[in-house]
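Data block below; observations after.
Worth saying up front: this structure is predicted, and the values here are computed from it rather than measured. Counting convention: from 1, in listed order, for ligands and their atoms alike.
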Amino acid sequence: MNLEPIFADIEQARRELGTDVVILVHHYESDGVIRWADFRGDSLELSRVAAKQHQARYIVFCGVDFMAETAAMLCDPSQQVLLPAGDAPCPMAYMASVKRAQEAWDRLTALWSDDLVPITYQNSTAALKAFCGRHGGAVCTSSNAERLFRWALEQKRHLIFFPDEWLGTNSALALGIPRERIAVWDSDEPDASLAQARGATVVVWQGYCHVHTFFTTDHVRAVREQYPGVRVIVHPECPVDVVQAADAYGSTAQIIRYVEQAPAGSVIAIGTEVNMVTRLGREYSDKTVMPLSPSRCGTMALTTPAKLRDTLRSCVVGDPIHVVSVDDETRRWANLALERMLNL
Ligand code: 13P
Ligand code: SF4
C-alpha cells in the first residue's frame with residue numbers, strides 16, 4: 001500500500017496544529033506510526049512525558065488503551081488525550097477486574113489483616129489502579145517493578161501484584177524471594193489460591209501477555225545452537241524459565257539500551273514484540289539484532305497511519321475523535337497510585 005498520500009496529510013495536519021498537538025508513540029508501534037513521534041518511549045517514559053506536556057491542547061497517544069488512560073489521568077484536565085485506534089484493549093489489562101481483585105483482597109486481609117500492599121502493573125484498567133490507590137498501593141511498569149516491590153515490602157510483610165503472573169514472579173525472584181514464598185492467585189479458584197497464599201510473601205495474579213508467553217526455552221536453545229556466542233535478552237513478561245535461560249531481561253527501554261551499549265559485531269536475539277526488534281536491527285546495523293522468534297502485538301497494530309491522520313484532522317477542525325476520559329473519582333485514586341510510582 002502506498003502510504004505517501006497519508007503521510008502528506010499527516011504532515012499537513014501537524015503543520016496546522018503546531019504546538020497544540022504532541023504525538024507520543026510506544027516502541028511496539030509500526031514504522032509508519034513511529035516516524036511521527038515527538039516522543040517515543042516505553043510505558044514509564046511516556047507516562048512521564050505525558051505529565052509534562054503543558055503547552056499541548058491535544059496529546060495523541062499511539063499505543064494501547066491503558067497507556068492513553070494513564071496519560072489522560074496525568075495531564076491537566078483541560079488537555080485532551082486521543083487514542084487513534086479508538087479502541088485498543090490490551091488483553092492482559094482485562095484479566096483482573098476490580099470485582100475479582102476485591103474478592104482476593106477481602107480473603108487475604110482476613111488472613112493477614114492490613115499487612116498487605118497492592119501493586120498493579122501499568123498494564124491494567126484505570127479502575128484497578130484506583131483500587132490500588134485507595135488501598136495504599138501503587139502502580140509499577142516493567143522498568144521499575146523491583147523498585148516498587150521493595151517499596152511495598154518496606155511497609156508491609158506481604159504484597160499482591162496484578163495482573164501479570166510473570167512480571168510479578170520475575171521481579172520477586174530478582175529480589176531474592178524464594179519461589180515457595182510466591183503464590184499464584186487464580187480468581188476462578190479462590191479457596192485453593194488462599195491455601196497456597198498461606199506462608200507467601202508475594203501473591204501474583206494469574207494473568208499474562210500472550211505476546212511474551214509465546215517465547216519458550218526451545219527458542220532460546222535453538223538460537224544458541226544456530227548462533228554460538230549470541231546474547232539473548234527478553235522482556236520480563238516472559239515466563240520465568242525463559243527469563244532464566246536468557247542472558248538479560250528488561251523493559252523495552254532497557255532492551256534498547258542493551259543493544260545500544262553492546263559492542264559492534266555483537267549478535268543479539270530479543271524476546272519481545274517484533275516491530276521493535278526489527279527496527280533495532282535496522283538502526284544498529286553494526287550489530288546483528290534478530291527476534292528470538294517473531295511475536296506480534298495485534299492490539300498495538302490497531303494504530304495505523306490512516307487512523308493517526310483521521311485523529312489529527314479531527315483536531316484541526318476542532319472536533320476531536322477518540323478522546324479518552326476517566327471519571328473524576330477513578331482519576332483521583334488512580335493518580336495517587338501513579339504518583340507513588342512517579343515520586344519514587
Ligand atoms: P514496557 O513497560 O516495556 O513499555 O512494556 C509495555 C508493554 O505493553 C509490554 O508488553
Ligand atoms: Fe498488552 Fe502484551 Fe500487547 Fe503489551 S504486548 S500491549 S501487554 S498484549
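Just one residue in the list Asp164, Val139, Ile160 forms a side chain to side chain contact (heavy atoms under 4.5 Å, CB included) with Thr120, and that residue is Val139.
Taking the six-membered ring where the residue is Trp, the centroids of His135 and Trp105 are separated by under 6.0 Å. Checked against the 6.0 Å centroid criterion, the rings of Tyr121 and Phe66 do not qualify as a close aromatic pair. In this structure, the ring of Trp185 has its center no less than 6.0 angstrom from the ring center of Phe162. The six-membered or imidazole ring of His235 lies away from that of Phe215, with a centre-to-centre distance of 6.0 Å or more.
Counting heavy atoms closer than 4.0 Å to ligand 2, residue Thr299 contributes nothing at all. Residue contacts with ligand 2 for Pro91 involve side-chain atoms from C-beta outward but no N, CA, C or O (heavy atoms, distance under 4.0 Å).
Looking only at atom types and distance, the side chain of Thr141 has no donor-acceptor partner in the side chain of Asp42 under 3.5 Å away. Looking only at atom types and distance, the side chain of Arg257 has no donor-acceptor partner in the side chain of Gln254 under 3.5 Å away. When only modelled atom types and interatomic distance are considered, Asp218 and Thr216 share no side-chain donor-acceptor pair under 3.5 Å.
Remark: ligand 2 atoms within the under-4.0 Å shell around heavy atoms of Asn123 are 7 (S). Within ligand 1, counting atoms from 1 as listed, the ones closer than 4.0 Å to a heavy atom of Tyr28 are 7 (C), 9 (C), 10 (O). Against a heavy-atom cut-off of under 4.0 Å, Thr252 is close to the following atoms of ligand 1: 1 (P), 3 (O), 4 (O). Contact atoms of ligand 1 toward Asp42: 4 (O) (distance under 4.0 Å to a heavy atom of the residue). Shown in contact with Met92 at under 4.0 Å from a heavy atom are these atoms of ligand 2, numbered in order with element: 7 (S). If you number the atoms of ligand 1 from 1 as listed, the ones under 4.0 Å from a heavy atom of Ser251 come out as 3 (O). Which parts of ligand 2 touch Cys297 is read off a 4.0 Å heavy-atom cut-off, strictly below it: atoms 3 (Fe), 5 (S), 6 (S), 8 (S). Close approach of ligand 1 to His212 (heavy-atom distance below 4.0 Å) involves ligand atoms 10 (O). Heavy-atom contacts of Tyr28 reach the following atoms of ligand 2: 5 (S) (cutoff under 4.0 Å).
Not one N/O/S atom of Cys209, from backbone or side chain, sits under 2.8 Å from atom 1 (Fe) of ligand 2.
The shortest N or O to N or O distance between Asn123 and ligand 1 is below 3.5 Å. The distance criterion of under 3.5 Å between nitrogen or oxygen atoms is met by Ser43 with respect to ligand 1.
Closest to atom 9 (C) of ligand 1, if we only count protein heavy atoms, is Glu237 OE2, 3.1 Å. Protein heavy atom at the shortest distance from atom 1 (Fe) of ligand 2 is Cys90 SG, 2.4 Å. Here the protein heavy atom with the shortest distance to atom 5 (O) of ligand 1 is His235 NE2, 3.4 Å. Nearest non-hydrogen protein atom to atom 6 (C) of ligand 1 is His26 NE2, 3.8 Å. Atom 2 (O) of ligand 1 has as its closest protein heavy atom Ser142 OG, 2.6 Å.
The shortest separation from a heavy atom of Glu273 to ligand 2 is not under 4.0 Å, leaving the residue out of contact.
Within 6.0 Å of the CZ atom in Arg35, the count of heavy atoms belonging to other residues, nucleotides or ligands exceeds 12. Annotation: Arg107, atom CZ; neighbour count of heavy atoms from other residues, nucleotides and ligands within 6.0 Å is above 12.
Side-chain contact between Cys132 and Ile119 is absent, with no heavy-atom pair separated by less than 4.5 Å. In this structure, the side chains of Leu338 and Gln122 come closer than 4.5 Å at one or more pairs of heavy atoms.
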